[in-house]
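Whatever order the structure lists ligands and atoms in, that order sets their numbers, starting from 1.
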Amino acid sequence: MKTINVILFGIGNVGSAIINQILQANDQVFNKQGFQINVPIIVNSSLAFYNSNSLGHNWETDFKNFSVPYKIEDIIKFVKHHELENLVAVDATASSNIVNSYLLLIENGFHIVAANKIANSLSYDFYAQLRNHIKAYNRKFYYSTNVGAGLPVLSTLRSLKESGDEVLKVRGVFSGSLSFLFNQLSEGERPFSNILKHARNLGYTEPDPRIDLSGQDVARKLLIIARELDLKFELEHIEVQSLVPKQLNGQTSLEQFNARVLELDCTIEQFVNAKSTNEVLRYVAELDVKEQQAKVKLITVSKNSNYGLLQGTNNLFEIYSKQYGNEPVSIVGAGAGREVTATGVLKDLVAIAQSIANVQSYF
Ligand SMILES: NC(=O)C1=CN([C@@H]2O[C@H](COP(=O)(O)OP(=O)(O)OC[C@H]3O[C@@H](n4cnc5c(N)ncnc54)[C@H](OP(=O)(O)O)[C@@H]3O)[C@@H](O)[C@H]2O)C=CC1
Ligand SMILES: N[C@@H](CC=O)C(=O)O
């Protein structure tokens, strides 16, 4: 039985669901495949909880009672001291701090699984450097939840590419939180700011929801898709329409934004008033591979179109390729949420565990 040791950075919405799903699957699912996933260290932005065995179901209480301040070097020391093998750093934060330590972690034997999109949306130079490092140290870097949460978007793009097809265009609704916000808004019962609060409580938004509302999160996803398709894009290549009123962005802190969130309603009302009654609003991303053009913006669509009929946090990815012609490959499903995202992270983790345990997966 191989033991995979996961060091989990971030124990918020996604991180806590990852722990609970691992604890649930270890006995019934993973052991049968010849491996066990242990989680000897969990951290938030300032504290770490170390446990040389593994976490139990009471991990939240343990974290509250026994966590201590840490530096990344302490974590590396701990895993070396306890001779922990098969190390995977799971990044379930939205922070660039941990991304700054990816190279160091790789040099110290860690594979990386990231829900965090920052590493893949920094400069192209860093994007390439990270991949060179992964190759040089014979590690793996998986990030399937960067686009579409648990949906198989990046794997579909890769398999089309690897089988000789040519992806020409990718278009769709890429944000789970914006999908939820505009789906709820079209029901017409609540102001936008109130729906936003609900979306945050359900774990659909980024820790700072302006990252969603400004289009930045969708632009990052589009950038990651573009790079996956071998375009050497930077974030600046993407035309972005922000929904955040100017006075609530830039210099404003998250606390100030929260206090003045009602001001968002006026901005959104302008878009609502500009559409007809049989239309709804959708925040859409589009990459034209041939023209090398990428944009993300709010549009109006007919209520009865495939975009208009989206429900809940559903995403829609339409992948146009040479072989599929005018009928795109379409992927639809939940694009945000603690559980679906944690399942996506687990798929990446299991792929690493299977390669370590030498398990032949079905695919
Ligand atoms: N929610 C979703 O549906 C999806 C989320 N993702 C991605 O998953 C990531 C996490 O999202 P979510 O769980 O919703 O966010 P949360 O805000 O719920 O959790 C973030 C966690 O990261 C911790 N953290 C922040 N900074 C650091 C740091 N420098 N070092 C270590 N830990 C840190 C926070 O600790 P503290 O409490 O101390 O600040 C908190 O535990 C994001 O990158 C997001 O884009 C991807 C797909 C879908
Ligand atoms: N904030 C994101 C969550 C997943 O990446 C979204 O709304 O899609």
Checklist entry - If we only count N/O pairs under 3.5 Å, is Val14 in contact with ligand 1? => result yes
Would you mind listing each N/O atom of ligand 2 next to any protein N/O under 3.5 Å, plus the distance?
residue, atom, partner, partner atom, Å
ligand 2, 1 (N), Tyr204, O, 3.4
ligand 2, 1 (N), Glu206, OE2, 2.8
ligand 2, 1 (N), Asp212, OD1, 2.7
ligand 2, 5 (O), Lys117, NZ, 2.8
ligand 2, 5 (O), Lys221, NZ, 3.3
ligand 2, 7 (O), Ser175, OG, 3.3
ligand 2, 7 (O), Gly176, N, 3.3
ligand 2, 7 (O), Ser177, N, 2.7
ligand 2, 7 (O), Ser177, OG, 2.6
ligand 2, 7 (O), Tyr204, O, 3.4
ligand 2, 8 (O), Gly176, N, 2.8
ligand 2, 8 (O), Lys221, NZ, 2.7

Next on the checklist: One thing to verify: whether Arg139 and Glu107 come together as a salt bridge, which I'm taking to mean a side-chain N less than 4.0 angstrom from a carboxylate O.
Outcome noted: no
Next on the checklist: Between ligand 1 and Asn13, is the shortest N or O to N or O distance under 3.5 Å?
Outcome noted: yes
Checklist entry - Should Ile11 be counted as touching ligand 1, given the test is an N or O pair under 3.5 Å? => result yes
Next on the checklist: Within the 4.0 Å heavy-atom shell around Thr145, which atoms of ligand 1 are there?
Outcome noted: 46 (C), 47 (C)
Item to check | For Gly203, atoms of ligand 1 separated by under 4.0 Å from a heavy atom | outcome: 1 (N), 2 (C), 3 (O)
Checklist entry - Quick one: are the ring centres of Tyr124 and Phe126 less than 6.0 Å apart? => result no
Checklist entry - Which is closest to atom 3 (O) of ligand 1 by heavy-atom distance: Gly337, Ala342, Gly148, Ser16? => result Gly337
Next on the checklist: What I want to know is whether Gly12 and ligand 1 share at least one N or O pair that is separated by under 3.5 angstrom.
Outcome noted: yes
Checklist entry - Starting from atom 15 (O) of ligand 1, which protein heavy atom do you reach first, and at what distance in Å? => result Pro207 CG, 3.7 Å
Checklist entry - Heavy-atom distance to atom 42 (C) of ligand 1: which of Asp217, Thr93, Val99 wins? => result Thr93
Item to check | Ligand-side contact atoms (ligand 1) for residue partner Asn116, heavy atom cut-off under 4.0 Å | outcome: 43 (O)
Checklist entry - What atoms of ligand 1 come within less than 4.0 Å of a heavy atom belonging to Gly10? => result 21 (C), 22 (O), 23 (C), 32 (N), 41 (O)
Next on the checklist: Do Leu346 and Val340 land in one hydrophobic cluster if side-chain heavy atoms of ILVMFWY residues count as linked below 4.5 Å?
Outcome noted: no
Next on the checklist: Checking a contact table here: which protein heavy atom is nearest atom 39 (O) of ligand 1, and how many Å away?
Outcome noted: Ser45 OG, 3.5 Å
Checklist entry - Which protein non-hydrogen atom lies closest to atom 8 (O) of ligand 1, naming both residue and atom, and how far is it? => result Ala115 CB, 3.6 Å
Next on the checklist: I'd like to know if Lys161 pairs up with Asp230 as an ion pair, taking the criterion as any Lys NZ or Arg NE/NH1/NH2 lying under 4.0 Å from an Asp or Glu carboxylate oxygen.
Outcome noted: yes
Checklist outcome for this item: For Glu206, the ligand 1 atoms with a heavy-atom partner under 4.0 Å come out as 42 (C), 44 (C), 45 (O)
Checklist entry - How long is the gap from CG on Leu185 to CD on Glu269, to the nearest 0.5 Å? => result 9.5 Å
Item to check | Note: Glu279-Lys303 ion pair, threshold 4.0 Å (strictly below) | outcome: no
Checklist entry - Quick one: nearest non-hydrogen protein atom to atom 20 (C) of ligand 1, plus distance? => result Ala92 O, 3.9 Å
Checklist outcome for this item: Taken in chain and number order and not counting sequence neighbours, the residues that satisfy side chain to side chain donor-acceptor pair (under 3.5 Å) with Glu234 are Arg227
Checklist entry - For the residue pair Phe180 and His198, does the interplanar ring angle fall in the parallel (under 30°), tilted (30 to 60°) or perpendicular (over 60°) class? => result tilted
Checklist outcome for this item: Nearest non-hydrogen protein atom to atom 37 (O) of ligand 1, with distance, is Asn44 CB, 4.4 Å
Next on the checklist: Please list, in number order, the atoms of ligand 1 under 4.0 Å from a heavy atom of Ala336.
Outcome noted: 3 (O)
Next on the checklist: Show the atoms of ligand 1 that are less than 4.0 angstrom away from any heavy atom in Thr341.
Outcome noted: 2 (C), 3 (O), 4 (C), 46 (C), 47 (C), 48 (C)
Next on the checklist: Taking the basic N atoms (NZ, or NE/NH1/NH2) and the acidic carboxylate oxygens, is any pair closer than 4.0 Å for Glu166 and Lys322?
Outcome noted: yes
Item to check | Atoms of ligand 1 close to Tyr70 [distance to a heavy atom under 4.0 angstrom, numbered from 1] | outcome: 30 (N), 31 (C)
Next on the checklist: Please classify the Ser95 to ligand 1 contact at 4.0 Å (heavy-atom distances, strictly less than): side chain, backbone, both or neither.
Outcome noted: side chain
